[in-house]
Asker: 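Have a look at this one.
Quick note: residue numbers are just sequence positions, from 1. The figures here come from the full heavy-atom set of this structure, side chains too, leaving out hydrogens, waters and symmetry mates. Worth saying up front: this structure is predicted, and the values here are computed from it rather than measured.
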Amino acid sequence: MVKRTAKRAPRRTDGLSREVIVQAAIDLLDEGGESALTLRALTLRLRTGYGAIYHHVTDKNDLLAAATDDVIARVLAGAVVAADPREALRGVALGLFDAIDAHPWVGAELSRQPWRPALLDFYESVGRLLHALAVPERARFDAAGALVNYVLGVAAQNAARPGRGPKDTERGTGRGTDQETGRADFLAGVAEQWSELDPCRYPFVHEAATRLREHDDRDQFLAGVDIFLAGIATLRRT
């Protein structure tokens, strides 16, 4: 009898760089979340061996950190340089929000390692723009912390909402059809519970039920940034 052996995928013939490995890791993370990022999956995706991977990265944690830095670095590199520092600050905040919305694993990694170089660069950008907005030095630390924590908190909350998971996405927004359906169902359920509350005890929550069902996360996030910008404007007068 003739033994049949499984055909192996051909090994890659081009050079393997850290950048190529990190991009492959990002693709795996976007497709299946952190559990999908394994060295075995990476070798199969890149058609290479473990040795070639370990030549460029230390382990999975190193890969996850490098992938996170890469995503945030792209946000800062792609930020529109506006003459108005208010618009520039609004742009970088929205850029980070969109990045975490498109790559939910980024928010979790930043929470675990807030000292990552890319996040420090983001924090530095916020500080420079607050300085350009004439925010007094004594208030700049608190203002920068408030904005960075707001961006990370809202983005992480959206990424963790029920119905959200690693799905195929549309137009690079991080929002696939299944995700949008899951979000709509979740918000509809919460809105229904809110609408059934006693309007005498919870007048605002009862009234907000309709808006909750229909609101857009991105628009609401930007409204929060605008409230922040309105607040720091008062700091310049004190």
Asker: Does Asp101 pair with Arg218 as a salt bridge, N-O distance under 4.0 Å?
Answerer: no

Asker: Would Glu207 and Tyr202 count as a side chain to side chain contact (heavy atoms under 4.5 Å, CB included) if you check the C-alpha gap in whole Å, the side-chain angles of each, and the deciding distance to 0.1 Å?
Answerer: CA-CA 8 Å; Glu207 179 184 340; Tyr202 301 103; over 6 Å; no

Asker: Evaluate Glu124 against Arg140 for salt bridge (Lys or Arg N to Asp or Glu O under 4.0 Å), listing each step before the verdict.
Answerer: CA-CA 11 Å; Glu124 186 66 29; Arg140 213 174 297 150; over 6 Å; no

Asker: For the CZ atom of Arg40 and the CD1 atom of Ile53, what is their distance to the nearest 0.5 Å?
Answerer: 13.0 Å

Asker: What distance separates Thr68 OG1 from Leu119 CG, expressed to the nearest 0.5 Å?
Answerer: 10.0 Å

Asker: In terms of side-chain heavy atoms, does Asp27 have a donor or acceptor partner in Gln23 at a distance below 3.5 Å?
Answerer: yes

Asker: Does His206 reach the main-chain N or O of Pro203 with its side chain, forming a donor-acceptor pair under 3.5 Å?
Answerer: no

Asker: Is the backbone of Leu37 close enough, under 3.5 Å, to the side chain of Lys60 for a donor and an acceptor to pair up by distance?
Answerer: yes

Asker: Compare every heavy atom of Gly145 with every heavy atom of Tyr123, then report the nearest pair and how far apart it is.
Answerer: OH-N, 4.0 Å

Asker: Is the shortest heavy-atom distance from the side chain of Phe97 to the side chain of Val225 under 4.5 Å?
Answerer: no

Asker: Take atom NE2 of His131 as the centre, draw a 6.0 Å sphere, and report whether it contains more than 12 heavy atoms from other residues, nucleotides or ligands.
Answerer: no

Asker: Grab the two heavy atoms, one from Ala108 and one from Glu34, that are nearest each other, plus how far apart they are.
Answerer: CB-OE2, 4.0 Å

Asker: Evaluate salt bridge (Lys or Arg N to Asp or Glu O under 4.0 Å) for Arg90 paired with Asp84, printing each intermediate quantity in order.
Answerer: CA-CA 10 Å; Arg90 200 171 185 263; Asp84 180 3; over 6 Å; no

Asker: Examine distances only and state if a side-chain atom of Tyr150 and a backbone atom of Phe221 form a donor-acceptor pair shorter than 3.5 Å.
Answerer: yes

Asker: Heavy-atom distance under 4.5 Å between the side chains of Leu152 and Ile100, does that happen here?
Answerer: yes

Asker: How many angstroms lie between atom CG of Leu129 and atom CD of Glu87, to the nearest 0.5 angstrom?
Answerer: 11.5 Å

Asker: Can you name the nearest heavy-atom pair linking Asp30 to Ala102, along with the distance?
Answerer: OD1-O, 4.1 Å

Asker: Could you check whether any side-chain heavy atom of Leu110 comes within less than 4.5 Å of a side-chain heavy atom of Trp115, counting everything from C-beta outward?
Answerer: no

Asker: On a heavy-atom basis, which atom in Ala118 and which in Leu76 lie closest, and how many Å separate them?
Answerer: O-CD1, 4.1 Å

Asker: Can you confirm whether His103 sits close enough to Ile72 that some side-chain heavy atom of one is under 4.5 Å from a side-chain heavy atom of the other?
Answerer: no

Asker: Within the 4.5 Å heavy-atom criterion, are Leu64 and Arg112 side-chain neighbours or not?
Answerer: yes

Asker: Of all the heavy-atom pairs spanning Ala93 and Val151, show the shortest one and how long it is.
Answerer: O-CG1, 3.8 Å

Asker: In plain terms, say whether Asp226 and Arg86 are close enough for a salt bridge, that is, a side-chain N and a carboxylate O under 4.0 Å apart.
Answerer: no

Asker: Looking at CD of Gln220 and CZ of Arg211, how far apart are the two atoms once the value is rounded to the nearest 0.5 Å?
Answerer: 8.5 Å

Asker: How many angstroms lie between atom OH of Tyr54 and atom CD1 of Ile21, to the nearest 0.5 angstrom?
Answerer: 11.5 Å

Asker: Is Val20 linked to Leu44 within one hydrophobic cluster, defined over Ile, Leu, Val, Met, Phe, Trp and Tyr using a side-chain heavy-atom separation of less than 4.5 Å?
Answerer: no

Asker: For atom CZ of Phe141, is the number of surrounding heavy atoms from other residues, nucleotides or ligands below 6.0 Å larger than 12?
Answerer: no

Asker: What closest approach, in Å, do Ala67 and Leu29 show between heavy atoms, and which atom pair accounts for it?
Answerer: CB-CD1, 4.0 Å

Asker: Is the closest side-chain heavy-atom distance between Thr48 and Leu42 below 4.5 Å?
Answerer: no

Asker: Taking His56 for the side chain and Leu16 for the main chain, is one N or O donor matched with an acceptor at less than 3.5 Å?
Answerer: yes

Asker: Rounded to the nearest 0.5 Å, how far apart are CG of Asp217 and CG of Leu222?
Answerer: 11.5 Å

Asker: Just wondering, do Leu89 and Leu133 contact through their side chains at under 4.5 Å, heavy atoms?
Answerer: yes

Asker: In terms of hydrophobic clustering (I, L, V, M, F, W, Y; side-chain heavy atoms under 4.5 Å; direct or indirect links), are Val106 and Leu120 co-clustered?
Answerer: no

Asker: Assess the residue pair Arg74 and Asp70 against the criterion (side chain to side chain contact (heavy atoms under 4.5 Å, CB included)); give the C-alpha distance rounded to whole Å, side-chain angles, the decisive distance to 0.1 Å, and a yes or no.
Answerer: CA-CA 6 Å; Arg74 293 183 195 181; Asp70 185 79; 2.7 Å; yes

